[in-house]
Amino acid sequence: MSRPAPVVLVPSCQRELGRHPFHVAGKKYLDAVRMAGCVPLVVPGALPEELDTLLDLADGLLLTGSPSNVHPSHFGEEVLDPSLPLDPDRDAWTLPIIRRALRERVPVLGICRGFQEVNVAMGGSLHQAVHQQPGLRDHRGDGTQPVEIEYGFSHPVHIQGGGLLERTLDGVSVVEDGQFMVNSLHGQGVNRLAPNLRAEALAPDGVVEAFTWTPDDDRPAAFSLCLQWHPEWLAAENPVSRRLFEAFGDACRTHRDQRLQRLNR
């Protein structure tokens, strides 16, 4: 009998459509989860007492990008620009489930807002406006451009040697001299990297573009890779994206096998 496909939790964002609140999740993220050979399960928020049930179901956690930002109160700051969207309902459950998922060795892939959520959840902080920091470039997308241009390559990233990203992308043709091109569409970014997080790639101006989590106990770490860029955009056409989602899917299948073994004991 074939084994069921791994289940990947995907958080929704909160939107008001018409005069009513809705939970929404970007199709491109769900498509990428399926490309990884997994089944996406969109989670419309969660109460504290529901986290155990969700993690019992989960073989992976994919944290999506979003127009909204993590509320700066979670890293001890006031809101810098009140015109920018926030999503405190998402913060309320993604930050605790991130800590739980990493501790319980559930594979995690964080993208853009999800990248920032992991850093904040684990004790780091963010620049609320990267473009206002001396020496840092403007990493924001241009929403006046067609989406295929806005999401086009904008700068290279340099892989930091000896980490998960270097091992995962070994042999990918478009990676040359430890560098490859990415799309960059973020106003916020890592200020202080949280303890136990390891920078895996940097932008030319030094902004952290990828990191992984390193446990402080003796148990092996599960796959945990967080990316400031958007690998889900036209993922099937991008060799780097294909390899990243393939590796995430492999990690989720390993977790599924371990979970099923525990259930069958």
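Computed from a predicted structure; not experimentally measured.
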Legend entry - Side chains of Asp205 and His139, donor plus acceptor under 3.5 Å: yes
Legend entry - Smallest separation among heavy atoms of Glu237 and Arg242, with atom names: C-NH1, 3.7 Å
Legend entry - Pairwise side-chain contact, Gln116 with Val190, heavy-atom cut-off 4.5 Å (strictly under): no
Legend entry - Gap between atom CG of Leu54 and atom CZ of Arg100 - 0.5 Å precision: 9.5 Å
Legend entry - Gap between atom CG of Leu63 and atom CZ of Phe115 - 0.5 Å precision: 12.5 Å
Inset, instruction - Please round to the nearest 0.5 Å and tell me the distance separating atom SG of Cys38 and atom CG of Leu9. - result: 11.0 Å
Inset, instruction - Calculate, to the nearest 0.5 Å, the distance between atoms CD and CD1 belonging to Glu232 and Ile111 respectively. - result: 5.0 Å
Legend entry - Side-chain ion pair, Arg90 and Glu117, N-O less than 4.0 Å: yes
Inset, instruction - Describe, in one word, how the ring planes of Tyr151 and His230 are oriented to each other, choosing from parallel (under 30°), tilted (30 to 60°) and perpendicular (over 60°). - result: perpendicular
Inset, instruction - Inspect the surroundings of CG in Asp177 and state if more than 12 heavy atoms from other residues, nucleotides or ligands are less than 6.0 Å away. - result: no
Legend entry - Side-chain heavy atoms of Gln128 within contact of Asp81, under 4.5 Å: no
Inset, instruction - Begin from the C-alpha positions of His127 and Gln188 and carry the test side chain to side chain donor-acceptor pair (under 3.5 Å) through to its verdict. - result: CA-CA 5 Å; His127 291 304; Gln188 303 203 332; over 6 Å; no
Legend entry - Euclidean distance, Leu202 CG relative to Gln179 CD, rounded to 0.5 Å: 10.5 Å
Legend entry - Donor on one side chain, acceptor on other, Ser68 and Arg113, under 3.5 Å: yes
Inset, instruction - Over all heavy atoms of both residues, which pair between Met35 and Ser241 is shortest? Give the atoms and the distance, please. - result: CE-O, 4.5 Å
Inset, instruction - Go through the steps to decide whether Glu166 and Gln160 satisfy the test side chain to side chain donor-acceptor pair (under 3.5 Å), and finish with yes or no. - result: CA-CA 7 Å; Glu166 182 181 57; Gln160 303 300 286; over 6 Å; no
Legend entry - Glu148 atom CD: more than 12 heavy-atom contacts under 6.0 Å: yes
Legend entry - From Ser184 atom OG to Arg140 atom CZ, the distance as rounded to the nearest 0.5 Å: 11.0 Å
Inset, instruction - State whether a side-chain donor-acceptor pair under 3.5 Å links Thr254 with Arg259. - result: no
Legend entry - Salt bridge flag under 4.0 Å for residues Asp216 and Arg103: no
Legend entry - Aromatic ring proximity Trp229/Phe180, centre distance under 6.0 Å: yes
Inset, instruction - Ignoring hydrogens and angles, tell me if any N or O in the side chain of Asp138 forms a donor-acceptor pair with the backbone of His131 under 3.5 Å. - result: no
Inset, instruction - Give the intermediate values and the outcome of salt bridge (Lys or Arg N to Asp or Glu O under 4.0 Å) for residues Arg253 and Asp59. - result: CA-CA 7 Å; Arg253 280 181 282 278; Asp59 299 307; over 6 Å; no
Inset, instruction - Could you tell me whether a side-chain N or O of Arg243 sits under 3.5 Å from a main-chain N or O of Thr168, the two making a donor and an acceptor? - result: yes
Legend entry - Short N-O contact, Arg105 and Asp217, less than 4.0 angstrom: yes
